[in-house]
*Asks:* 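First the structure, then my questions, so here it is.
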Amino acid sequence: MSNTSNHVLNFGAGPAKIPESVLKKAQKEFLDINGTGMSVMELSHRSKPFGAILQKTKDNLAKLMDIPSDYSILFMQGGATTQFAAIFLNLVAKKQDELIKLGKEKEEIVVDYFVTGAWSNKAVQEAERLAPAVQSNPIRVNRVIDVKQKYGKFGTIPPPSEWNLTDPTKHHVAYVYYCDNETIHGVEFPFVPKVNETVPLVADVSSNFLSRPIHVPKYAVVYGGAQKNLGPAGVTIVVVRNDMLVDVNVGPVRPLMLDFKTAADNNSMYNTPPTFAIYMVGLTLEWLIEEKGGLKGIEQANNSKARKLYELIDQSKLYKSPVDPHCRSHMNVVFRLPTEDLEKEFLAGAEKLHMHQLKGHRSVGGIRASIYNAMPEDDVDRLIEYMIEFEKKHSP
Ligand SMILES: Cc1ncc(COP(=O)(O)O)c(C=O)c1O
């Protein structure tokens with residue numbers, strides 16, 4: 001947030017920076033939303049004014065992402081982590097539904113996971129945890145590739161020749177899952193993994209949601225938490241193709257709150273939705289459309305910010321990227337310095353210049369500059385200036 005004397009640069013990975021004009025609009029409307037005399041937080045979720053906010057948010061998301069009419073937009077709770085379970089339960093249910101109709105309801109179902117960083121690793125572990133509890137069918141969880149198992153660390157996306165995708169002509173594949181941008185390791189898919197078109201493709205886009213155009217028809221489910229690119233924590237957006245919606249009584253037992261069809265049938269209001277978070281997402285979408293030129297505009301801005309940072313890192317003798325160039329994240333730029341002491345000094349110096357939350361995730365260390373949609377290029381330029389100065393003082 002800026003004021004004239006003390007401009008703070010927030011490089012946090014999430015909850016992350018929110019565009020200043022969005023915060024100001026929310027502040028302006030805080031006590032009186034649309035002439036109601038009430039804060040949006042005080043409105044019934046079933047009231048007309050909130051209904052209008054929800055609908056506009058859905059319409060703007062559909063417009064921005066070019067979401068076809070046979071998809072539903074769901075506002076769910078429990079963060080992206082809850083979706084690790086929800087995806088498994090709903091999509092296994094969908095496959096079981098198909099198998100029941102074919103008279104093959106006892107046959108094995110396979111779920112395929114790309115494991116390219118900490119978040120897809122958590123997702124596959126959740127599937128492995130839940131699989132034995134499915135009573136109707138044996139479920140096999142297959143790692144298409146596990147980069148850490150194969151290479152000893154995360155930091156690359158191996159080519160298709162190294163993938164072990166399950167053949168859908170020989171097995172019942174419920175879905176293929178991947179995490180488009182691994183927030184902790186700074187690894188982003190530079191392409192959409194090519195899978196058999198009969199197999200539902202699922203992407204976790206939590207940390208690069210709306211950072212560039214995306215071709216929704218390639219996916220059965222695209223989902224992400226809001227707290228990086230879309231607003232505050234508390235709401236998770238799930239864009240799901242309607243043929244994935246299965247009666248809650250079919251397939252593995254799942255809580256109603258995790259059931260996609262229940263959410264879709266109730267317009268995300270089976271229970272009280274996180275109204276304030278949805279409102280903030282709505283404001284952020286308006287900002288993207290009105291001030292940033294939609295997804296094409298924001299993609300250009302994001303590319304420019306990331307390119308500058310990686311160019312500096314690659315030219316430097318001090319900073320080192322642990323990620324292969326072809327799959328470096330445009331959102332979370334991770335880098336190392338030669339020693340942890342130097343990294344500490346780097347962070348302390350940055351703090352003095354009001355550059356905050358640059359510390360890498362506690363599981364990996366190092367530095368991480370998260371430069372989401374809301375991060376202005378000027379702030380990235382300030383970071384670059386600091387990095388250049390720091391290197392001059394500490395050349396190895
Ligand atoms: C890519 C990705 N997936 C999932 C999650 C988990 O999100 P949540 O904390 O909202 O459950 C995160 C959180 O940072 C993330 O970056």
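Atoms within each ligand, like the ligands themselves, are counted from 1 in listed order.
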*Asks:* Check if T236 has a non-hydrogen atom at a distance under 4.0 Å from any atom of ligand 1.
*Replies:*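 Flag not set, T236 not near ligand 1.
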*Asks:* What residue and atom, counting heavy atoms only, is the protein's closest point to atom 13 (C) of ligand 1, and at what distance?
*Replies:*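 The protein heavy atom lying closest is W119 CZ2, 3.3 Å.
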*Asks:* Has C179 got any heavy atom lying under 4.0 angstrom from an atom of ligand 1?
*Replies:*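 It does, in that a heavy atom of C179 comes within the 4.0 Å cut-off of ligand 1.
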*Asks:* Can you name the nearest heavy-atom pair linking N10 to A16, along with the distance?
*Replies:*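 Looking at all heavy atoms of both residues, the shortest contact is ND2-C, 4.1 Å.
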*Asks:* Take a 6.0 Å sphere around CZ of R362 and say whether it holds more than 12 heavy atoms from other residues, nucleotides or ligands.
*Replies:*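 At most 12 heavy atoms, drawn from other residues, nucleotides or ligands, come within 6.0 Å of this atom.
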*Asks:* Test your reading of the model: is there a side-chain donor-acceptor pair from Y113 to the backbone of V141, 3.5 Å cut-off?
*Replies:*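 No.
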*Asks:* Which protein non-hydrogen atom lies closest to atom 11 (O) of ligand 1, naming both residue and atom, and how far is it?
*Replies:*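 For atom 11 (O) of ligand 1, the nearest protein heavy atom comes out as T81 OG1, 2.5 Å.
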*Asks:* Could you tell me whether A80 and ligand 1 have an N or O pair separated by under 3.5 Å?
*Replies:*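 Between A80 and ligand 1 (N or O atoms, distance only) the closest approach is under 3.5 Å.
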*Asks:* Measure from the side-chain N and O atoms of K95 to the backbone N and O of I109, and report whether any donor-acceptor pair falls under 3.5 Å.
*Replies:*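 No, the answer is negative, given that no donor and acceptor are paired below the 3.5 Å cut-off.
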*Asks:* T82 to ligand 1: N or O pair under 3.5 Å?
*Replies:*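 Looking only at distances, the answer is no, because the N/O contact criterion of under 3.5 Å is not met.
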*Asks:* Tell me whether ligand 1 is touched by K228 - counting only heavy atoms on the residue side and a distance under 4.0 Å.
*Replies:*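 It does, in that a heavy atom of K228 comes within the 4.0 Å cut-off of ligand 1.
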*Asks:* Show your reasoning for whether side-chain contact (heavy atoms from CB on, under 4.5 Å) applies to L337 and F335.
*Replies:* CA-CA 7 Å; L337 280 79; F335 54 95; 4.2 Å; yes
*Asks:* Can you tell me if G225 has a non-hydrogen atom under 4.0 Å from ligand 1?
*Replies:*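 No heavy atom of G225 comes that close to ligand 1.
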*Asks:* Going by the order shown, which atoms of ligand 1 are within less than 4.0 Å of some heavy atom of N181?
*Replies:*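 What qualifies from ligand 1 is 1 (C).
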*Asks:* Check whether any heavy atom of Q227 sits under 4.0 Å from an atom of ligand 1.
*Replies:*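 True for this residue.
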*Asks:* Kindly assign one of parallel, tilted or perpendicular to the pair Y177 and F84, based on the angle between their ring planes and the thresholds 30° and 60°.
*Replies:*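 Correct class here is perpendicular.
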*Asks:* May I ask you to identify the nearest protein heavy atom to atom 1 (C) of ligand 1, giving residue, atom name and distance to one decimal place in Å?
*Replies:*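 Atom 1 (C) of ligand 1 sits closest to the protein heavy atom T183 OG1, 3.3 Å.
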*Asks:* Distance alone, cut at 3.5 Å: any donor-acceptor contact between the side chains of N208 and S211?
*Replies:*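 No, because no side-chain N or O of N208 sits under 3.5 Å from a partner of the opposite role on S211.
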